[in-house]
Amino acid sequence: MRLVVTGSSGFLGRALVVEASSRQWEVVAVSRRALTPPPGVEFHQVADYMDTPPGDCIVHLAEASDMFSPRDQISEVMDQESLIESLVQKSLRGVVYASSSAVYG
């Protein structure tokens, strides 16, 4: 199974990448930040999570945009909806979407 993890430079993303790779899964770490993944883990640094590579399952743990930017909340929701739709199209089995209290303002 090819597991793609967005937000792989974050706390949960790093832990998931390490755990999944220790179980011999094919893991693809995706982040906007540079990072050194564990041995055997493919890494993609992206400017936009719309550029996330496809996989059997995508675990989306990343913040879609800078939550501190002065953006309109409606356009923020539309951007997030477009991103999730894009990720669903790239996944063969499904998308796991995790969020935090930061998105509730």
Find out if a path of hydrophobic residues (ILVMFWY) with successive side-chain heavy-atom gaps under 4.5 Å connects V30 to I58.
-> yes
Could you check whether the rings of H60 and Y49 sit parallel, tilted or perpendicular, using 30° and 60° as the cut-offs?
-> perpendicular
Are V4 and I84 connected in the hydrophobic side-chain network, where two residues link if heavy atoms are under 4.5 Å apart?
-> yes
Determine the minimum heavy-atom distance between T52 and L87, stating which atoms define it.
-> CB-CD2, 3.8 Å
Roughly how far apart are Y97 OH and L83 CG, rounded to 0.5 Å?
-> 8.5 Å
Any chain of hydrophobic side-chain contacts (each under 4.5 Å) joining F11 to L3?
-> yes
How close do A20 and V27 get, heavy atom to heavy atom, and via which atoms?
-> CB-CG2, 3.6 Å
Exercise: identify the closest heavy-atom pair between R32 and A47 = CD-O, 3.7 Å
Rounded to the nearest 0.5 Å, the CG atom of L12 sits from the CD atom of E19 at a distance of 13.0 Å
At what distance, to the nearest 0.5 angstrom, does CZ of R93 lie from CZ of R2?
-> 13.5 Å
Closest approach of R33 to Q45 (non-hydrogen atoms, all atoms of both residues) | C-NE2, 3.7 Å
E26 side-chain N/O to M1 backbone N/O, donor-acceptor pair under 3.5 Å | no
Minimum heavy-atom separation for V28 to P53, with atom names?
-> CG1-CG, 3.9 Å
Single-linkage hydrophobic cluster, 4.5 Å side-chain cutoff, M50 and V96 together | no
Just by modelled atom types, is the V17 backbone N or O under 3.5 Å from a matching donor or acceptor in the S21 side chain?
-> yes
Are the side chain of T6 and the backbone of L61 linked by a donor-acceptor contact shorter than 3.5 Å?
-> yes
Closest heavy-atom pair and its distance - S8, R14 = O-CG, 3.2 Å
Distance-only, no hydrogens or angles: does the D56 side chain make a donor-acceptor pair with backbone N or O of L92 under 3.5 Å?
-> no
